[in-house]
Amino acid sequence: MEYIFKSESSLKRIEAIRKFLLGDIWLIILAVVAFVFACLNSLYPKEDYHIWGTVVLAYMSGFSFLMSGDIFAMLTPGLFTYLIAIRCYNSLSTFLGIIWVFIPLIAIALFNIIIYRKKLDPKGSQFKPMILVSIVVLIGGLGFISAEDYFAGSSIYHMLGMGFGMVFFYCFFNGRIQINDKYSVIERITKLMVVIGTFASVMIIAHYLLNIEKMIEWGGIFYIRWRNNVCTILMIALPFAYYFAHKKMPAVILPFLFYGAMLATGSRGGMIFGTVEMGLCFLAYLIYDKKRRKAYLAFLLCVIILLVIFSGPVIDFLEYTFERVLQVLADVSGEDGETETRVRHYARGIEDFLNHPILGTGLGYMGNRDIFKNKDGALCWYHCEPIQIAASFGIIGIVVFLYQFIKRIKAIWQKKTLFSLTVFLSYIGLELMSLVNPGILCPMPYLLLITLFLVIIEKCHNSDIEQEPIPLFEKLKKLSKKNS
């Protein structure tokens, strides 16, 4: 922007706007706008409030892109936009009808890249595995997949999003994110994820309150189309809630809020893997955070007492999800005559891998629509990351994605710090959710967030920034030095 405005007064105003975009007032404005559209959609689901909410928030994101080159100023409204956009189930035709609305946003994005340009920085441990993944997603299915499936819009988007497009974002983040004295990058990403997780939880609660009659009629959880997407966001955010609670005692309630919201969605993945992640986070911080150990245990005890007192209503409320979980288990064990869609996807994925073991069937392969007819603009997913990788990219894909997974874990644990533990648990939470959903294979926002986390943690590990070490690892390091 300094290239356009030269006067000192103009530059001061621009700097004030940039500070505003990183401040709490802008955060509150975004949350209020998003909440209004979320409530309108909950009250009037057949209207297009979710569509226009996405557009309004996208333009608020565009304003941030226009005025600031800061990653967090751009990312914050983007995540609020996503939490409204997940309600736009099967709305591709509607968005295509108003595609002209988004043309200025594309121009603004290009403006941001040019005006706030920083050198794209490929330095980092993730660059090589990301390049290899980019090649694999392009060659997956070659010799088998039809040209129609390979060059379909959804296929091109996901191949570029998982591949060279994400390489661009990795280099882009590397160039833009700097460790400096203006603010703590760790505190900034923690605050952002906590705010997004809190908003997602409140949005779920509001959805029930605004549909209280339907909840009473159903006697418990009712169908929420966007349950898996919102649960995935909550699983990414949950470890950051623990990290935030470690710094601020009153925030001890937040992890329990996030977990409760997951259960309330009726998502089976949220119930099963959210419980696993919650247990891992609780155990890790119970061992580590001695100062707040009593607070965690006291809060847990209160929750248990309340669950015992209200066990009947709680079981009735969660019965719908329990039944759906048991249905899958019955299908897997062969006890039920009818097979659940996801289980059929898993079986077909294994079959496709065995039939095409080297390069797989390709990411855009649409040969499984006899199991479930995917919506316009969506891929025909196998709904399980390991099976998806094996079926879509074959043995070559398995080797490359496994290599990338190992490199990610190594990068996270380059230094054994509390923030490393937080990012690790967040990443594992997403990987767990990806066992029953597309999850991390979706470029926006899940893979993008993990890419950002990896850039941040590498930047922090390679700088002199102070990070809180994990005492257990420190003791083991001292013992190993003594023994040597």
Using the ring of each side chain (for Trp, its six-membered ring), is F256 parallel, tilted or perpendicular to F299, with breaks at 30° and 60°?
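Rings of F256 and F299: tilted, 30 to 60°.
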Ring geometry between Y446 and Y82 (parallel below 30°, tilted from 30 to 60°, perpendicular above 60°):
perpendicular
So, [X] and [Y]: side-chain donor and acceptor under 3.5 Å apart, yes or no?
| X | Y | result |
| --- | --- | --- |
| Q414 | N462 | yes |
| Y382 | D352 | yes |
| S420 | T417 | yes |
| Y259 | T275 | yes |

For Y320, what residues pass the side-chain contact (heavy atoms from CB on, under 4.5 Å) criterion, not counting sequence neighbours?
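Result, side-chain contact (heavy atoms from CB on, under 4.5 Å) vs Y320: I221, Y223, R227, R324.
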Applying side-chain contact (heavy atoms from CB on, under 4.5 Å), can you list everything that pairs with L160, at least two apart in sequence or on another chain?
I156
Does F453 have any ring pair (Phe, Tyr, Trp, His ring centres under 6.0 Å) partners at least two apart in sequence or in another chain, and if so, which?
F240
Centre-to-centre under 6.0 Å for Y285 and Y242, is that the case here?
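Centroid separation for Y285 and Y242: below 6.0 Å.
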Does Y365 have its ring centroid less than 6.0 Å away from the ring centroid of Y150?
no
Determine whether more than 12 heavy atoms belonging to other residues, nucleotides or ligands lie under 6.0 Å from atom CD of E187.
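Check fails, neighbour count at 12 or below.
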When rounded to the nearest 0.5 Å, the distance separating CG of N174 from CD1 of I177 is 7.5 Å
By salt bridge (Lys or Arg N to Asp or Glu O under 4.0 Å), which residues pair with R348, not counting sequence neighbours?
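Testing R348 for salt bridge (Lys or Arg N to Asp or Glu O under 4.0 Å), a comparison that skips the adjacent residues, returns D370.
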Just to verify, what does K407 make a salt bridge (Lys or Arg N to Asp or Glu O under 4.0 Å) with, not counting sequence neighbours?
none
Option passing side chain to side chain contact (heavy atoms under 4.5 Å, CB included) with V423 (candidates I456, L454, I412)
I412
Check whether any side-chain N or O of D149 sits under 3.5 Å from a backbone N or O of M366 as a donor-acceptor pair, and report yes or no.
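Indeed, once roles are kept as given, a pair shorter than 3.5 Å links the two residues.
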Give every residue pair that meets the salt bridge (charged side-chain N to carboxylate O under 4.0 Å, His left out) criterion with at least one member in residues 125-136, sequence neighbours excluded.
none
